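Not measured: the values here are computed from a predicted model. These values consider heavy atoms only, across backbone and side chains, with no hydrogens, waters or symmetry-generated copies.
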Amino acid sequence: MCGLAGVLISDMKRSDRELLAVGDMFTRLLMGGEHRGPHAAGAAIICSDGSHRVAKAPLPAHRFVENGDYRKLLESLDSKTTLLMGHTRWPTRGSHLENRNNHPLIGRGKRPCIITHNGHIANHESLSLTLGLRRDADVDSEVVLRMAERNASKSGIDPAGLAEDLALCRGRLSAVVVATGDPRKVLLVKGNQPLEVRCNPVSGLVIYASEPEILDDATGQEQGWEDVYIPPWRIAVVDTTKISTFVTYPIPVSSPQDWSHQPWR
């Protein structure tokens, strides 16, 4: 198992104090998922102009958030930021000591896709061969990144096409996907792994994690948070220009039991 954590940020002017609070909340989300993946942690910041920064290391989250790369990443948080994406990793394939295997995984080119994944794609090798997917890392999650890339264009990722590709996978999956060519649209992929989501329309924020208790700890006593239910086998597309609107696309699995033939946490 691994931990997903993140904050989607709407387009609005925010004070330095408000931005600091967003960064603190993200840090709490990331640290809250450490028990789900104590071997490595990572984070990405994506802005509305497509600029982005990724930091990751083979460290538990509580140590990762103290290092210089993470601090520099949070220092770049501003009103142009659309997404803070985090991950805590429990390796299943690909050593966490090789940082290319740690998440977030980022594609190539000027406008790459960036993903985080919780689960295990059991048939990643056969999919890579049959679909002709590029492989740069050892981790099976790279298949999800390449599927996002092959469904991406100047207008962003086609969620229906990505859903068709994900239906070919076997194993366990929930993921968060963004194309830096269209960074205002974030794809929350709910397969057969947990993904808990909450929205605060007043503050213009959406947060997510792999467990509801992590969200509870991150928000504390703050009012205005609403649970957002994403059914299994759906891709929810969130447009950060209208943060409380979720458009969902089904992942056309014929049999969830066949898709999930390997037990996982």
Side-chain angles (χ1 to χ4, degrees), residues 4-30 32-33 43-53 73-74 76-87 104 111 113-116 148 152 155-160 162-163 174-190 194-212 214-231 234-249:
L4 303 177
V7 183
L8 286 69
I9 306 170
S10 66
D11 293 341
M12 67 168 62
K13 186 70 175 176
R14 300 177 193 271
S15 66
D16 290 343
R17 182 177 180 179
E18 289 171 326
L19 290 170
L20 181 61
V22 171
D24 287 344
M25 180 180 293
F26 176 69
T27 298
R28 292 196 298 273
L29 289 167
L30 191 62
I45 187 169
I46 298 97
C47 296
S48 58
D49 61 0
S51 61
H52 52 277
R53 181 192 293 266
L73 184 144
L74 280 193
S76 65
L77 177 65
D78 60 24
S79 292
K80 296 186 299 181
T81 303
T82 60
L83 175 64
L84 282 166
M85 172 192 281
H87 188 270
R111 292 290 183 265
C113 294
I114 304 174
I115 72 111
T116 52
S155 58
I157 298 169
D158 171 21
L162 178 60
S174 281
V176 177
V177 184
V178 66
T180 58
D182 189 12
R184 288 187 171 91
K185 290 195 175 97
V186 181
L187 280 61
L188 305 177
V189 181
K190 176 73 174 288
L195 183 60
E196 303 291 333
V197 182
R198 288 182 193 167
C199 177
N200 191 322
V202 175
S203 61
L205 299 173
V206 171
I207 61 175
Y208 65 85
S210 295
E211 298 173 10
I214 298 172
L215 300 180
D216 292 339
D217 290 342
T219 55
Q221 300 299 315
E222 184 180 349
Q223 300 299 307
W225 289 100
E226 305 169 359
D227 288 331
V228 177
Y229 175 66
I230 301 174
R234 294 288 191 281
I235 297 177
V237 181
V238 186
D239 187 337
T240 59
T241 62
K242 40 192 175 183
I243 201 78
S244 59
T245 301
F246 289 63
V247 180
T248 64
Y249 296 80

Open item on the list: Just verifying a value: how many Å separate Q223 CD and S203 OG, rounded to the nearest 0.5 Å?
Closed with: 12.0 Å

TODO: Taking the side chain as every heavy atom from C-beta outward, state whether L77 and I9 have any pair of such atoms under 4.5 Å apart.
DONE: yes

- [ ] Could you check if a side-chain atom of T81 sits within less than 4.5 angstrom of a side-chain atom of C47, using non-hydrogen atoms only?
- [x] yes

TODO: Spell out, as yes or no, whether a donor-acceptor pair under 3.5 Å connects the side chain of T219 to the backbone of E222.
DONE: no

TODO: Provide the closest heavy-atom pair for V177 versus A148 in the form atom of the first, atom of the second, distance.
DONE: CG1-CB, 3.7 Å

Open item on the list: What's the separation between atom CG in L195 and atom CD in E211, rounded to the nearest 0.5 Å?
Closed with: 12.0 Å

- [ ] Can you measure from CZ (R14) to CG (L20) and round to the nearest 0.5 angstrom?
- [x] 13.0 Å

TODO: Could you walk me through whether K80 and D49 pass the salt bridge (Lys or Arg N to Asp or Glu O under 4.0 Å) test, one step at a time?
DONE: CA-CA 8 Å; K80 296 186 299 181; D49 61 0; 3.7 Å; yes

Open item on the list: Using every non-hydrogen atom in the two residues, find where G23 and L74 come nearest and quote the distance to one decimal.
Closed with: O-CD1, 4.1 Å

Open item on the list: Using a 3.5 Å distance criterion without hydrogens, assess whether the side chain of T116 forms a donor-acceptor pair with backbone atoms of P104.
Closed with: no

Task: Minimum side-chain heavy-atom gap P212-R198 below 4.5 Å - done: yes

Task: Side-chain touch W225/L215, heavy atoms, less than 4.5 angstrom - done: no

Task: Heavy-atom side-chain proximity of L29 to Y208 below 4.5 angstrom - done: no

TODO: With the side chain counted from C-beta on, respond yes when V247 and D239 share a heavy-atom pair under 4.5 Å apart, and no when they do not.
DONE: no

Task: Gap separating the CD1 atom of I114 from the NE2 atom of H52, nearest 0.5 angstrom - done: 5.0 Å

Open item on the list: Testing the basics here: between S210 and P194, what is the closest heavy-atom pair and its distance to 0.1 Å?
Closed with: O-CB, 3.3 Å

TODO: Taking T82 for its side chain and S48 for its backbone only, find out whether a donor-acceptor pair lies under 3.5 Å.
DONE: no

Open item on the list: Taking the side chain as everything from C-beta on, heavy atoms only, tell me whether I157 gets closer than 4.5 Å to D182.
Closed with: no

Open item on the list: Distance check, rounded to the nearest 0.5 Å: H87 atom NE2 versus L30 atom CG?
Closed with: 10.0 Å

Task: R184 side, atom CZ; K242 side, atom NZ - distance, nearest 0.5 Å - done: 12.5 Å

Open item on the list: Looking at every non-hydrogen atom in both residues, tell me the closest pair between A5 and F26 and how far apart they are.
Closed with: O-CE1, 3.9 Å

- [ ] Give the intermediate values and the outcome of side-chain contact (heavy atoms from CB on, under 4.5 Å) for residues V228 and V206.
- [x] CA-CA 9 Å; V228 177; V206 171; 5.9 Å; no

Open item on the list: On a heavy-atom basis, which atom in R28 and which in D217 lie closest, and how many Å separate them?
Closed with: NE-O, 3.9 Å

- [ ] Could you tell me whether the side chain of L84 reaches within less than 4.5 Å of the side chain of V22, counting heavy atoms only?
- [x] yes

Open item on the list: With side-chain contact (heavy atoms from CB on, under 4.5 Å) as the criterion, how do L83 and T240 come out once you've worked through the C-alpha distance, each side chain's angles and the decisive distance to 0.1 Å?
Closed with: CA-CA 9 Å; L83 175 64; T240 59; over 6 Å; no

